[in-house]
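Note that these values count all heavy atoms, side chains included, but never hydrogens, waters or copies made by symmetry. Indexing begins at 1, ligand by ligand and atom by atom, following the structure's order. Position 1 is the first residue of the sequence; numbering continues from there.
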Amino acid sequence: MSRLSVAIDGPAGAGKSTVARRVAAELGLTYVDTGAMYRAITWKTLQENKDPEDEASVSRLARDTDLRLTAGKGGVDVWVDGEKVTEAIRTPEVTSQVSRIAGQAGVRKVLTDKQRAMARQGGVVMDGRDIGTQVLPNADVKVFLTASIEERAQRRHLELVRRGFEVNPEQLKEEIRNRDEKDRNREHSPLRPAEDAVHVDTTGLSIEEVVQSILHLCRSRVSGGE
Ligand code: DC
């Protein structure tokens, strides 16, 4: 189990990060939140007042960034050039700009290389949009998590309210719809399930139920059952 690689892809709000973190903890694997990496580069681009559409400048910035993920108290801590940005990368401003950055081939190449290097160090549970298709096409287990747009918007709403942001639920739904559309229709590494991914619709399921079904998949893969 210690070298197992698990890819969890799906749209925003499907529950990927919560589920991936729990599965990693249960199996003693490293959790890699690749969305946090795109957010970190977006945060730095905005921080340095760079034009998010200037692809050459964004990919140079990504290459020159010391980006680290470490195990924190409540989850993963994210560090950009030694500065902790765990909270800063989750603001509505970063969220609204991240698709522009994540759509660029240059930055994707830099982050994909980094993600593969992380996976080479040992077993991982990695979540994102292109893990099963691009980053780890040979992952032992591939899961594609979905949920209805209503449920995803409701989950994001609860999460933002808990963190002190005021948001309009209808506007949130619209933003999720837009981000999905951009992630699905972009030219480079669009969001789509790998052919051999197991689809799990989390609408109406508890976190525990989803975690248990993925653990079952992982264990049966290791024992050669599936
Ligand atoms: O999962 P998240 O909302 O934190 O991801 C932020 C953005 O990054 C999302 O709009 C899609 C993009 N992303 C990506 O293109 N590829 C990944 N592997 C992970 C995230």
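- For ligand 1, one of its N or O atoms has an N or O atom of R186 under 3.5 Å away.
- Between R108 and ligand 1, at least one N/O pair is under 3.5 Å apart.
- Considering only heavy atoms from C-beta on, L67 stays 4.5 Å or farther from W79 through its side chain.
- In this structure, E181 does not pair ionically with R177, as no charged nitrogen and carboxylate oxygen lie closer than 4.0 Å.
- Short contacts between ligand 1 and S99, defined as distances under 4.0 Å to a heavy atom of the residue, involve ligand atoms 10 (O).
- Looking from atom 18 (N) of ligand 1 to the surrounding protein, the closest heavy atom is D130 OD1, 2.8 Å.
- Under a 4.0 angstrom heavy-atom cut-off, A12 registers as lying outside contact with ligand 1.
- Of the protein's non-hydrogen atoms, G35 CA, 3.5 Å is the one closest to atom 20 (C) of ligand 1.
- Where the criterion is an N or O separation shorter than 3.5 Å, residue side chain and backbone included, R39 meets it with respect to ligand 1.
- Residues D180 and R152 are paired through a salt bridge, judged by an N-O separation under 4.0 Å between the basic side chain and the carboxylate.
- Ionic pairing of R108 and D130 is present here: one or more N-O contacts between side-chain nitrogen and carboxylate oxygen are shorter than 4.0 angstrom.
- Ionic pairing of D33 and R90 is present here: one or more N-O contacts between side-chain nitrogen and carboxylate oxygen are shorter than 4.0 angstrom.
- Looking only at protein heavy atoms, the nearest one to atom 1 (O) of ligand 1 is R129 NH1, 3.0 Å.
- By the 4.0 Å N-to-carboxylate-O rule, D9 lies too far from R129 to be salt-bridged with it.
- For atom 12 (C) of ligand 1, the nearest non-hydrogen atom of the protein is A102 CB, 3.7 Å.
- With a 4.0 Å cut-off on non-hydrogen atoms, R179 touches ligand 1 through its side chain and not its backbone.
- With ligand atoms numbered from 1 in the order given, ligand 1 contributes 9 (C), 10 (O), 11 (C) to contacts under 4.0 Å with heavy atoms of D183.
- In summary, the atoms of ligand 1 found under 4.0 Å from a heavy atom of T34, numbered by their order in the structure, are 17 (C), 18 (N), 19 (C).
- A salt bridge links E159 with R163; the closest basic N to acidic carboxylate O contact falls under 4.0 Å.
- Salt bridge status for R68 with D66: present, with a side-chain N to carboxylate O gap under 4.0 Å.
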